[in-house]
Structure formats: C-alpha cells, structure tokens
Amino acid sequence: MSRDHLPSAERSADSVEAPFLELLARGATADAYEQPVLLARAEGLPADRVAALEQAKLLALRVRTEIEGRRRREAELSALFETAHDLAGLRDLDAVLQAIVQRARSLLGTDVAYLSLNDTAKGDTYMRVTEGSVAARFQQLRLGMGEGLGGLVAQTARPYVTDDYFKDERFQHTRTIDAGVRDEGLVAILGVPLMIGPQVIGVLFAADRRARVFEREQIALLGSFAALAAAAIDTANALADTRSALDRLGRANDIIRDRSGVIERASDVHDRLAELVLRGGGVHDVAAAVSEVLDGTVEFAEPGATPATAVEAARTDGHAVRHGDDWVTAVAAGGELLGALVLRGHPGLDPVDQRTLERAAMVTSLLLLARRSASEAEQRVRGELLDDLLDARDRDPRLLRERAARLHADLDGLHVVLAARLDVTAADADQEASARRRLWSAASHLATTRHGLAAARDGGTVLLLPLGPGDTATTLARRTANHLGTAVHEAVSVGASAPVDRLASRPEAVASAYAEGRRCLEALRMLGRAGGGAAAEDFGFLGLLLAGDRDISGFVDRTIGGVVAYDERRGTDLLHTLDAYFASGMSPARTKDALHVHVNTVAQRLERVGRLLGDDWQSPARTLEIQLALRLHRLSSDAPR
C-alpha cells in the first residue's frame, strides 16, 4: 500500500515520530529534541499536532536515556573484560595497572585516578600509578599507615568516599597529605581497597576537583577495577615466583620436565578463560575448561551447596583449600559469596594447578556479576512497564504491546493481578528491607519465567501473570503464595484479582484489578489466613464486596446454580420451597402450611436440595449465602417468580 493510501491517522503518527527517530539515529543531544516542537509552534500548527509532537518527544527522550544507559553498562563490562584480557596475557605489570587506572578514570568521569601500594619494608604506602595528576608533590606522596582517607580504607578494608576532603573529620589529616591534596586541587575522593585474600595491599582512588556524590554503581565499578588490579599484582607476584622457581630448577633437567607440563596447563587455562570471557561464556563453560586442563571434574556450586567450613576457609585465606579428597575455592566479589568451584577426587593438587583453580574462580565471579547486571536491568524494565500500567502513564496500545513483546509478555492475553506481601515482623528496619528485597527478587524471577511482569509497590510486590489453561485466579494465587514463601523462607500472602484481558487497550483495568487484589490480601489478614492465597470468589458473599466488578450473577450461580438448573430441567419448584422454608424459620411444619402441601413433600424437596447443594447447606454460614443468593435471584429481571 502506498503512503498516499494510508489512513490519515497513520500518516500523522509517522510524520510526528519521524524527526525524533532521525535524532535518535544520529545520536543528537537532548536539547535538539526541542526543535521539532518549537518549529511546529512557530509555524502555527494545530494544538493537537503540537501535543502529539510533545508526546513523541518525551517517548524519544526516554528511549535515548535507555540507550545511553545500555551503552554505559556495555562500556563498563567491555572495560572489565578488556582488563581481564590484559591480565590473562600479563607481561608488564605497570602497563596493566596504568590501563586499569585510565579506564577507571574514563568510566567514572573523574578528573584524577590513582593507585597506591603498601610498602611493608618501610611501613608506609606510596603512589604507584596516577592518571590526570598535574602536581609533582602529589605524585610523589608517601603516607604513613593509618593516615588520610587511604589509611582509613586500608584499616577497615572497606570503600570510603568524601564529598569534601578538607571538611571530613572521619580520617586523620596530616600536613604532608593535605598539602599534596591541596596542590592537586582535589575535593571529592573515593577510595576502594586492593585485596589479596584478607590482606589490603593498597588503595585505588578516583577524585574530582569539585564537590561530587559518587553513586553506588560507581563505587561497585571502582571496586571491580580494584579487584582486577589486585589480581594483576598477585599474578605478577605469582609469575615472579614461577620464574624464580624455574631458575632454581633449571639446574635439574628432570625437575624441569616435571614442571613444564604444569606450566603449559596453566598457560592453556589462562588462554581458555580469556577466550571464554571474550565470547560471553557461562560459569559452567569455565568449569568444563578447567576440568580438561586439571584432568579432573570441576563443578560450580551455589552458596550453601558445599561445606560451609571449607568455603569460609577458602574465602578468608583467599586460596583453594583441601576438603577430604576435594579442593574448594570460594567465588566471591566485593565481600559477597557467590558460590564455589569444587575439584572432585584430586587430593594431590599441584600448587600451580591450585592457583589455576583460583584464577578460574575469579573469572567465574566476573561472569556472575555480568549476568547479574543484565538480569537486574531486565527486572527494572519489567517493573517500569508494570508501574506505567498501574499508573496509566502510557496509553498508546501499540507502544505498550511493543514494550511487552521485548519482554516476551502478551498484554492481550488473559492475566491476573496479584498483590503479595510478607507476613513477618522484622526486628529492625534493615531486616525488613532485606526481606522485601528477597521477596522482590523472587517475584521478579517468577515473572520472568512465567512471561509476566513484577514491581515493588506499597510495601510489597505486585505481579501481572498470565492465566494458563485450566487455571483460576484462586489456584494461581495459592500457587504463587507457596512459590514465593518457599523462595524467601517466610510466609507470603497473595491476593488475586478476577481475570482481566486486553490490557494494552485498557491500561486502567490493571489499577482496578490491583485494588481488588489488595482488598483480597487485606481480607486474608483480617480472617487470620496469613501465608495463603485467595481471590474474591473464595470469600462467598463477602467476595461481592471485594470484587472490582461485583460479579452478582457469578455469586448466584456458584451458590444456588444447581437448584436453578434442576428446576429448569425438571419443571420443579425447589426455589419456591427454599424461599418458604427460610421464611418459615426453617420449620418443615410451617413450610407445608405456607405451600399447602404434605409435610413429607416438604421433606422430599429439602432432601433433593441437600443433594444439589451439599450436606452442609443448612449450616449458619451457608444459609446466609443461600438466602442472599435467593433474594438476588428474585431481584434479577429474568428470574422466575
């Protein structure tokens, strides 16, 4: 179909979006996105045209922000992988450290970055590498242990940041250090420790000549570079040790032959690991590669799947430890235990092979961090889409469908909105926040695997999950409560809405369904049914008050539908008998007078009702629901009198 034959609405949408797509394509600055709107106003275009351009501008700026964020994360991961590659082919320690400092300064966007190392012989620390420094005195600084911000980092083995160095009294100021910092003109400084095992060997810094707040992601990124720098130093020391050993062993050809195979395997595994990192391999690929090199079976184990004493010893010592006939090395990053690598049935492990196993653990931690970063990005995108649906911020069905399709979700299918909340009272705010994070993580994982959406909201979590064949809102709520409770090891209550569909065209339906789910959640709490899942249909006539659409016909059908159908099929009058029975105070004798029939006839009819409604139909709770259903049935326009 030619453009001239397109509907006018579609041609209008194309022309509105076209200038912003061109700006996105050429990577224009944010200011440039104002030009199409200003031009339209200058040309006196209709108000609806200008409003459409404003909406398209906002959407384009959001896309631009997302693209820039992705580019930034890709640049950070690329720099980490490039540095890991440099480390794998380490030849010149100073060159590797210089590259680390340069990349850290570039990615964090600071004026200066530098690295100091501890001198154990002299008992102080000194500048090893600087980037962006202009002051000679600063570049030649030597600091006593415990002095300055770097001394605080070295003492505590934790990152420290200051927005204004000279106003910060948390660390010990000295005349020498302050003079060097003043010459360099530094104001905001971030320092992270360089660790080899539990030992601090130096500090990696990033600093600005103006006040600045370093974000958590920037602190974590500098910590990753510090880990690589420490690994580079450790590798250089290991290589120096190896060369020294080779020199000593050079006088004995038989020992050289014994060691050559080990060295070749170490080099081989370094090359393989570098290749795995570059081509995006996973943790199990690393384990398989090391298994081949070490001639054994190497497995990656999740936290808690290996003996805690062995993993803690390896984590504390920074090296692989022997556990029976196995070797265990911790996979950790930034003080967080991510798992362990276990070499099975290899008790006589060579020291070089032991170091190879440790290097594999370091590469594994990098891959896990990269995978986590990608997963967290996807979770944020899912949460943002559900937030927009709940707040009805984006009412363009096409854009909503496109955003959902990128997450493998179908907004036109049948869904249920579920409100989930932890039913536990935490001892303090930190524990409560930690429990909520675990709930959010478990809900996000469930939403990803079920092609749904999840977001944190109102102190709990809200999920939008598709309703599968044979499922009901009740079964989905109960299954979700059980799944989340098992995942977080706490009781989780889940309230579900009635099924909703066509959400891309009706985003306001999500907010209504969420309100219904929250009412069901609150009803569970008031009824003492914490830790379970339920929908409005589970609460009998109370469900009429909880449901967003007041499903009266559904309530009547669930309560007395069997009796109605029986009367219609058989031409009987059981409904009238029930009305008379309740009106007579549930007395068969008075009922037979009201109906002008024999008391045995009343008994036979009530027996039939019992078979249709269940043996407990005369219990107080059931009689209340049945009488309400009878009255609603009489009030309906098509009910028989």
Side-chain angles (χ1 to χ4, degrees), residues 81 84 87-88 195-198 227-228 230-231 234-235 237-239 241-242 245 255 257-372 375 445 487:
F81 289 153
L87 175 57
M195 308 281 295
I196 296 181
L228 290 174
D234 192 25
T235 301
N237 293 337
L239 290 176
D241 293 341
T242 302
I255 300 177
R257 283 193 297 270
D258 291 339
R259 301 299 296 170
S260 62
V262 176
I263 301 302
E264 288 176 4
R265 288 202 307 274
S267 177
D268 179 42
V269 76
H270 282 186
D271 293 341
R272 291 191 185 195
L273 294 179
E275 182 183 356
L276 281 173
V277 170
L278 292 175
R279 64 181 174 85
V283 293
H284 296 292
D285 296 323
V286 173
V290 179
S291 296
E292 292 181 14
V293 173
L294 298 183
D295 192 23
T297 301
V298 177
E299 299 174 353
F300 172 74
E302 299 285 348
T306 52
T309 54
V311 175
E312 188 59 34
R315 183 181 180 186
T316 303
D317 189 49
H319 296 289
V321 298
R322 182 173 172 178
H323 181 72
D325 289 339
D326 302 334
W327 284 84
V328 178
T329 183
V331 176
E336 179 185 1
L337 182 64
L338 305 176
L341 287 184
V342 182
L343 175 61
R344 304 287 185 191
H346 214 308
L349 189 64
D350 183 276
V352 177
D353 286 345
Q354 178 181 343
R355 188 60 59 88
T356 296
L357 185 63
E358 295 161 3
R359 294 293 180 277
M362 183 196 72
V363 173
T364 301
S365 68
L366 285 175
L367 293 176
L368 288 173
L369 288 175
R371 186 175 67 182
R372 175 188 291 179
S375 175
H445 182 267

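The structure presented is a predicted model; accordingly, all values stated were derived computationally and were not measured.
- In this structure, Ala340 and Val328 approach most closely via the heavy-atom pair CB-CG1, 4.2 Å.
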**Message:** Run the side chain to side chain contact (heavy atoms under 4.5 Å, CB included) test on Val321 and Trp327 for me, step by step, so that the C-alpha distance in whole Å, both residues' side-chain angles and the decisive distance to 0.1 Å come before the verdict.
**Reply:** CA-CA 6 Å; Val321 298; Trp327 284 84; 5.5 Å; no

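- Partners of His319 by side-chain contact (heavy atoms from CB on, under 4.5 Å), not counting sequence neighbours, listed by chain and number: Asp317, Gln354, Arg355, Glu358.
- Atoms CG and CG, from Asp326 and Leu341 in turn, are 12.5 Å apart once rounded to the nearest 0.5 Å.
- Asp234 pairs by the side-chain hydrogen bond (donor to acceptor under 3.5 Å, both in side chains) definition with nothing, not counting sequence neighbours.
- Partners of Ala227 according to the side-chain contact (heavy atoms from CB on, under 4.5 Å) rule, which considers only residues two or more places apart in sequence or in another chain, do not exist here.
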